[in-house]
Amino acid sequence: MKKLGKVGAVLALTLSMTLLGACSSNNGGNTAADAGKTDSAATKAPAANATKEAKDITLGFSQVGAESGWRSANTKSIQDSAKEAGYTLKFSDAQQKQENQIKALRSFIQQKVDVISFSPVVESGWDTVLKEAKAAGIPVVLTDRAVDSKDTSLYVTFLGSDFVEEGRKAGKWLTEQYKDASEDVNIVELQGTTGSAPANDRMAGFAETIKDNPHLKVIASQTGDFTRAKGKEVMQAFLKANKKIDVLYAHNDDMALGAIQAIEAAGLKPGQDIKIISVDAVKDGMQAASEGKINFIVECNPLLGPQLMQVVKDVVDGKPVEARIVTEESTFTSDQAKEALPSRQY
């Protein structure tokens, strides 16, 4: 596994995947990570004294937690890809707490890892620890979620989905479905973790897209923390507080699946009495969509491991890295989900 020949083959394969993921012309979202300035310090990988073999590379990675099927698939992809590439991976689960993540980053700095990567629990509050990493000469790669720091020199790149575009895709489908509506369409929204990039951006993209149709009205919006249990709890509250709900927009599949339980318990049919739009396209969500319980899913690809390992190798070798790498993703109607489900990897 650690022989250079095999690592070279693995990295050649992942390089092609990285190029595919970076092909989008949209810089993604409205966060600081989307600055996209080609002359920014964030595009310049730290100079390396000599090319390191894969077996000598240590990556410190701090994960948000294990709050959803998406996150579990993301963790497995990173762990498996690091092993296949021959890197030493120091992995930390923040359990959805920023303080745990900051402690993990400082631990990585003390251990003098070659590269630090993390998926931020929330967008703000990272400058101090990122400055500590920069002072220690350790490059940082953001994955999945962005930070709102104005100093883009504190990280090398942001690898992940365009969350604003995901919200737009959800909104475009809804707008098309109700383009001839003559009465108000009542929408409830299950937000992700408060302050997180995907929650902020998926809400913004959706709102931006539906605003031109005066009949599309978001009558309630509350965090479900990206979890199935919380999604069910909040949907129960929505149903009690609102006599007429036409559409549910959930920021991830797990919350949508929890909401489906609440809708069914209320004697209603998900996908019929209440149209459901979700984001992620993990297997459980795709299964619900194939059964007609979710009407439209916007994909958010969790399999970032191969791309991340290639970025880490490029950074360690002192090669230039794009400031923003956007993953390639699709959308699914119920029929498309049924067709795609048998070959779904996550």
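Both backbone and side-chain heavy atoms feed into the values below; hydrogens, waters and symmetry mates do not. The shown structure was predicted, so the numbers you read here are calculated from the model rather than taken from an experiment.
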Would you please say whether a donor-acceptor pair under 3.5 Å links the side chains of [X] and [Y]?
X: E123; Y: S196; value: no
X: H251; Y: E166; value: no
X: Q307; Y: T327; value: no

With sequence neighbours excluded, what pairs up with [X] under the salt bridge (charged side-chain N to carboxylate O under 4.0 Å, His left out) test?
X: E183; result: none
X: E299; result: R344
X: K240; result: none

Look only at the side chain of [X] and the backbone of [Y], and say whether a donor-acceptor pair between them is shorter than 3.5 Å.
X: Q222; Y: V234; value: no
X: D114; Y: T58; value: yes
X: T75; Y: S72; value: no

E264, CD atom: more than 12 neighbouring heavy atoms under 6.0 Å: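 Correct, the count exceeds 12.
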When you look at CD of Q345, are more than 12 heavy atoms from neighbouring residues, nucleotides or ligands closer to it than 6.0 Å?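 It does not: Q345 CD has 12 such atoms or fewer within range.
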Partner of E208 under salt bridge (Lys or Arg N to Asp or Glu O under 4.0 Å), picked from K172, R202, R168, K169, is R168
Closest heavy-atom pair and its distance - [X], [Y]:
X: F163; Y: C300; value: CE2-SG, 4.2 Å
X: D254; Y: S68; value: OD1-CB, 3.3 Å
X: T194; Y: V122; value: O-CG1, 3.8 Å

How about Y249 and F206: are their ring centroids closer than 6.0 Å? yes
Verify the cluster assignment for I219 and M235: are they in a single hydrophobic cluster under the rule of side-chain heavy atoms below 4.5 Å apart? yes
